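Contents: one structure, followed by commentary.
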Amino acid sequence: MALPFFNGVKTKDRTVAVDMGGRTTKAVQVQRKGSGFVLSSFALLDAPVFEKTISPDMLSEHLKSVCEALGVKPRTVTLAVGVNDSLVRHAELPMMPVEDLRHILRLNSKSYLQQELTGNVFDCHIFVGDANQKAAPGAIPKIKVLAAGAKRQFIDDLHDGVKRANLGIDAIVPAVIGPI
């Protein structure tokens with residue numbers, strides 16, 4: 001039985017992903033074709049030169065040139081950020097909703113990630129097999145999660161730069177997530 005609020009919901013036919021590498025920016029447009037996907041276009045551009053972090057204005061101009069090189073006018077993009085701008089760690093956390101896990105990591109990263117990460121934002125992925133584990137009597141049940149984070153200022157700059165390029169963000173992901 002189909003639920004009424006799912007009627008009319010369309011999945012995206014096309015998506016654009018941009019890997020903001022240190023020296024080269026890699027971009028692809030993938031299009032849904034039948035039950036699979038087809039690479040519609042791709043582009044490799046030299047990354048803009050900046051000192052510490054890319055400014056929103058520079059990011060905006062770079063994203064415009066990436067879209068021009070792809071030959072597309074997307075509404076949204078998925079950004080992959082490099083290892084210098086993000087972190088990915090395995091952690092063992094108390095069993096609770098993901099929103100609460102994010103909050104715990106933001107407030108107490110030293111205990112769970114063995115590193116003081118003030119001013120960062122986090123997201124977590126709970127490994128499915130671990131969500132159903134049972135703890136010993138009297139012990140707090142723990143789950144294994146994959147935690148990813150980045151500096152809040154960096155994320156805010158990305159949002160600002162993408163907005164100035166008249167685009168939206170589907171997701172911001174660490175580039176290192178692929179091998180994991």
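What you see is a predicted model, and the numbers here were worked out from it, not measured in a lab.
Here the rule is side chain to side chain contact (heavy atoms under 4.5 Å, CB included) with I155, and of V81, V121, I169 only V121 fits it. Checked against L105 for a side chain to side chain contact (heavy atoms under 4.5 Å, CB included), the options L117, D123, L93, V145 give a single hit: L93. Of the candidates T76, D170, L70, L79, V16 forms a side chain to side chain contact (heavy atoms under 4.5 Å, CB included) with just one, namely L70.
Between the K33 side chain and the Q31 main chain, no donor and acceptor come within less than 3.5 Å of each other. Formation of a donor-acceptor pair under 3.5 Å by the S86 side chain with backbone atoms of G82 is found in this model.
Counting heavy atoms of neighbouring residues, nucleotides and ligands inside a 6.0 Å radius, atom NZ of K163 does not exceed 12 of them.
Using a 4.5 Å heavy-atom threshold, the side chains of L146 and C124 count as separate. At a threshold of 4.5 Å between non-hydrogen side-chain atoms, the residues T78 and T15 count as touching. Contact check for P141 versus P94: no side-chain heavy atoms found under the 4.5 Å cut-off.
Between D46 and R23 there is no salt bridge, since none of the side-chain N atoms of the basic residue sits less than 4.0 Å from a carboxylate O of the acidic one.
Note: S109 OG to F122 CZ = 5.0 Å, rounded to the nearest 0.5 Å. Rounded to the nearest 0.5 angstrom, R32 CZ and R14 CZ are separated by 12.5 Å. Separating the CZ atom in R102 from the CE atom in M96 is a distance of 13.5 Å, to the nearest 0.5 Å. Here K142 contributes atom NZ and M95 contributes atom CE; the two are 11.5 Å apart, rounded to the nearest 0.5 Å. With rounding to the nearest 0.5 angstrom, the CG atom of N120 is 8.5 Å from the CD atom of Q115. How far CD1 of I172 is from CE of M20: 10.5 Å, rounded to the nearest 0.5 Å.
In terms of the salt bridge (Lys or Arg N to Asp or Glu O under 4.0 Å) criterion, residue partners of R164 (sequence neighbours excluded) are, by chain and number, D57, D160. Residues passing the side chain to side chain donor-acceptor pair (under 3.5 Å) test with T25 are H62, sequence neighbours excluded.
With side-chain heavy atoms closer than 4.5 Å counting as contact, directly or through intermediates, the hydrophobic cluster containing L39 also holds V28, V30, F37, F42.
The hydrophobic clustering, which links ILVMFWY residues whose side-chain heavy atoms are closer than 4.5 Å, places Y112 and V98 together. At a threshold of 4.5 Å between side-chain heavy atoms, the hydrophobic network of Ile, Leu, Val, Met, Phe, Trp and Tyr places V18 and V173 in two separate groups.
In the model, Q114 has no side-chain atom that pairs as donor or acceptor with a side-chain atom of R89 under 3.5 Å.
The two atoms that bring A165 and S60 nearest to each other are N-OG, 3.4 Å, heavy atoms only. Pairing each heavy atom of L59 with each of D157, the nearest pair is CD2-O, 4.2 Å.
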Can L101 and I126 be said to form a side-chain contact (heavy atoms from CB on, under 4.5 Å), step by step?
-> CA-CA 10 Å; L101 294 175; I126 299 171; 4.1 Å; yes
